[in-house]
S.K.: 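The structure follows.
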Number of protein chains: 2
Amino acid sequence: MGTVGKAISLLELFTVAEPELGLSDLARRSGFDKATTRRLLVALTRHGFVEQDAATRHYRLGAGLSRLARIREARFPFLRTAVPLVRDLASATAETVHLSEFGIDRLVTVHVEHPARANRVNIDIGQLLPLHSTASGIAYLAFARDEAVKACLAGLLEAFTAHTLTEPAAISRSMAEARERGYSICDQGLEEGVISVAAAILAADGFALGTIAVAAPKARTTTADITQRGLAVMATAREISMRLNGDNLQSLRRQA
Amino acid sequence: MGTVGKAISLLELFTVAEPELGLSDLARRSGFDKATTRRLLVALTRHGFVEQDAATRHYRLGAGLSRLARIREARFPFLRTAVPLVRDLASATAETVHLSEFGIDRLVTVHVEHPARANRVNIDIGQLLPLHSTASGIAYLAFARDEAVKACLAGLLEAFTAHTLTEPAAISRSMAEARERGYSICDQGLEEGVISVAAAILAADGFALGTIAVAAPKARTTTADITQRGLAVMATAREISMRLNGDNLQSLRRQA
DNA sequence: GGATATTGGTTCATTATTTGAACCGTTATT
DNA sequence: AATAACGGTTCAAATAATGAACCAATATCC
């Protein structure tokens with residue numbers, strides 16, 4: 001792993017659950033020597049990607065990252081466009097709705113609206129979602145470029161639960177069903193007791209760039225719920241796609 | 001410059017005005033060899049910090065950055081807290097209001113609300129603001145740690161206009177006035193014809209972490225406007241500080 | 001349409017940067 | 001009080017990065 005990759009992998013250790021980490025902790029989790037870790041952190045700090053708390057000496061993600069993300073968002077207003085619609089869908093369904101963007105060969109969770117219920121599906125911002133075993137992943141693949149699909153099916157298809165699809169043929173079928181229906185359904189593919197529906201958000205070229213999903217405890221989900229949420233998530237995905245791309249969105253490969 | 005620094009400096013070449021850049025362009029602007037630039041971009045792409053457009057082959061900032069920024073924002077909700085108040089202040093003043101966060105020894109513009117007027121002060125998200133020559137900078141320094149102040153005054157104090165304060169003593173006086181009054185006033189320090197007021201947003205430890213500012217064309221700004229906007233920006237900064245820190249905000253060093 | 005310039009990209013001997021074992025002082029834990 | 005773990009540093013050795021020269025494709029110019 002090159003030096004740049006090492007530095008970034010340190011950044012990727014920070015999570016919503018653990019936004020601050022110490023030097024020894026970062027070294028241990030990354031597998032790098034403490035001296036190496038320290039040097040990488042100094043370089044990241046010098047460019048504002050990491051900050052060190054003056055009192056605790058712990059490290060955390062820095063303003064330089066936020067700045068670049070804001071620049072990106074200014075030109076590609078994915079969050080600004082989608083978040084209000086995610087919020088609306090969460091209100092309408094009273095379940096967890098999460099928005100993901102494709103990156104690093106997985107889906108990156110960029111926004112979550114949790115319902116005000118104790119029994120709900122919890123997802124963290126920043127959480128990475130595998131493609132083969134999530135509703136979001138299947139919805140994405142259904143409208144992804146062939147290379148992305150091939151890369152996914154050629155990789156490790158980990159079985160997270162007994163329900164996870166791990167055969168390429170089965171995953172392809174699931175993708176075809178998602179294309180047909182306009183949304184995907186995932187029954188406990190990533191976690192026991194959770195059922196989700198998702199739809200792809202398309203870029204101007206007609207290929208998927210992200211997804212929106214509704215996740216709920218299976219115990220309180222009926223077949224009618226699934227259909228209703230599926231149609232709702234599909235409509236929301238379409239709305240987000242249209243707002244992002246307007247008249248540029250190519251009709252080819254458009255959702256049915 | 002180490003490898004990590006080089007990679008990050010490539011990322012810093014992207015702006016709101018130029019969100020996509022080619023390989024040769026990036027190499028030229030960074031001063032790195034094309035082979036070096038390419039290798040750094042490949043490493044950044046591998047971790048989602050950069051994406052390459054399939055059609056144009058141009059590079060742009062990637063989803064991996066957005067993900068980390070979202071993780072940071074989830075735990076440090078600066079934008080979510082401040083943006084609504086920035087918007088309110090922009091409506092109330094009908095001038096440009098911009099929010100900055102400290103990082104990389106300067107202020108980083110993270111949000112801007114432009115008034116719906118043709119003659120207005122334009123500021124880009126991501127724009128870096130020097131400390132000594134802007135209302136935001138002086139407001140920040142007024143409530144910054146001594147080290148940050150010393151570092152600023154010991155550095156290059158560039159004269160952007162004939163009005164820019166470049167003497168450490170004059171800058172210190174301006175800081176003291178800002179502390180006294182609760183907001184800073186900058187008359188054409190960065191750009192001819194622009195006058196701004198700003199106030200510091202404080203962290204729990206009582207030190208500044210960012211600023212909020214109102215910028216306007218001097219030609220249509222009266223002395224009464226300055227006072228009115230100064231008080232408004234101070235009140236907004238205080239509100240943001242309180243929402244971010246609640247009861248944790250130390251009374252010591254609190255704004256007058 | 002041909003000539004030229006510029007693009008994105010690659011190679012590998014050479015060079016520069018990174019590495020990490022061993023060490024340190026301080027703080028936390030037992 | 002003893003021990004463990006912390007954040008941090010050093011420098012000879014090891015590894016990764018470098019960039020001049022090259023390539024095919026595309027854009028620009030005349």
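Hydrogens, waters and symmetry mates are skipped; everything else that's a heavy atom, side chains included, is used. Below, read A as the first sequence line, B as the second, and so on, with proteins coming before strands; counting in each chain starts at 1.
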S.K.: Can you list everything that forms a side-chain contact (heavy atoms from CB on, under 4.5 Å) with A/Ala35? Sequence neighbours excluded, please.
M.R.: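 A/Ala35: side-chain contact (heavy atoms from CB on, under 4.5 Å) contacts with A/Asp33, A/Arg39.
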S.K.: My understanding is that only residues two or more places apart in sequence, or in another chain, count here; which of them pass side-chain contact (heavy atoms from CB on, under 4.5 Å) with B/Thr164?
M.R.: B/His132, B/Ser133, B/Ala159, B/Phe160, B/Thr161, B/Thr166
S.K.: Could you go through B/Leu68 and A/Phe14, starting from their C-alpha distance and side-chain angles, then the distance that decides it, and tell me whether this counts as side chain to side chain contact (heavy atoms under 4.5 Å, CB included)?
M.R.: CA-CA 8 Å; B/Leu68 293 174; A/Phe14 294 96; 5.6 Å; no
S.K.: Please identify each residue that fulfils salt bridge (charged side-chain N to carboxylate O under 4.0 Å, His left out) with A/Glu18, with sequence neighbours left out.
M.R.: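 Scan of A/Glu18 (salt bridge (charged side-chain N to carboxylate O under 4.0 Å, His left out), adjacent residues dropped) gives A/Arg29.
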S.K.: Check side-chain contact (heavy atoms from CB on, under 4.5 Å) between B/Ser172 and all other residues, then give those that pass, not counting sequence neighbours.
M.R.: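 Expected list: B/Leu153.
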S.K.: Name every residue in residues 21-36 of chain A that has at least one heavy atom under 4.0 Å from any atom of DNA chain C, in order of residue number, or write none if there are no such residues.
M.R.: A/Asp33, A/Ala35, A/Thr36
S.K.: Apply side chain to side chain donor-acceptor pair (under 3.5 Å) to B/Arg106 and list each qualifying residue two or more places apart in sequence or on a separate chain.
M.R.: none
S.K.: What bend angle does the helix from C/dG1-D/dC30 to C/dT30-D/dA1 show across its length, from five-pair end axes and to the nearest 10 degrees?
M.R.: 50°
S.K.: Evaluate whether atom CD of B/Glu20 has more than 12 neighbouring non-hydrogen atoms of other residues, nucleotides or ligands under 6.0 angstrom away.
M.R.: yes
S.K.: Taking only heavy atoms on the protein side, list every residue of residues 38-65 of chain B lying under 4.0 Å from any atom of DNA chain D, sorted numerically.
M.R.: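 Residues of residues 38-65 of chain B that come under 4.0 Å of DNA chain D are, in numerical order, B/Arg39.
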S.K.: Can you see which heavy atom on A/Leu141 is nearest to which on A/Met175, and at what distance?
M.R.: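 Looking at all heavy atoms of both residues, the shortest contact is O-CE, 3.6 Å.
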S.K.: Can you give the first and last nucleotides of DNA chain D, 5' to 3', that have an atom under 4.0 Å from a heavy atom of chain B?
M.R.: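 Range of nucleotides within reach of chain B: D/dA17 to D/dA20.
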S.K.: Run the numbers on B/Thr15 and B/Asp124 for side chain to side chain contact (heavy atoms under 4.5 Å, CB included), then give the verdict.
M.R.: CA-CA 9 Å; B/Thr15 62; B/Asp124 275 341; over 6 Å; no
S.K.: Under the side-chain contact (heavy atoms from CB on, under 4.5 Å) test, which residues partner B/Val110, sequence neighbours left out?
M.R.: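 B/Val110 satisfies side-chain contact (heavy atoms from CB on, under 4.5 Å) with A/Arg70, B/Phe78, B/Leu79, B/Leu99, B/Glu101, B/Val108 once adjacent residues are dropped.
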S.K.: Among residues 3-14 of chain B, which contact DNA chain D at a heavy-atom distance under 4.0 Å?
M.R.: B/Thr3, B/Lys6
S.K.: For atom CD of A/Glu239, is the number of surrounding heavy atoms from other residues, nucleotides or ligands below 6.0 Å larger than 12?
M.R.: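 Yes - once you tally the heavy atoms of other residues, nucleotides and ligands closer than 6.0 Å, there are more than 12.
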S.K.: Can you see which heavy atom on A/Thr81 is nearest to which on A/Arg243, and at what distance?
M.R.: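 Smallest interatomic distance, heavy atoms only, reads CG2-CB, 3.5 Å.
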S.K.: Write down the atom of A/Leu107, the atom of A/Ser100, and the distance for their closest heavy-atom approach.
M.R.: CB-CB, 3.9 Å
S.K.: Detail all sub-3.5 Å separations between protein N/O atoms and N/O atoms belonging to nucleotides 28-30 of chain C.
M.R.:
none

S.K.: Are the side chains of A/Tyr59 and A/Leu10 in touch, meaning some heavy atoms are under 4.5 Å apart?
M.R.: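 The answer is no; the side chains never approach within 4.5 Å.
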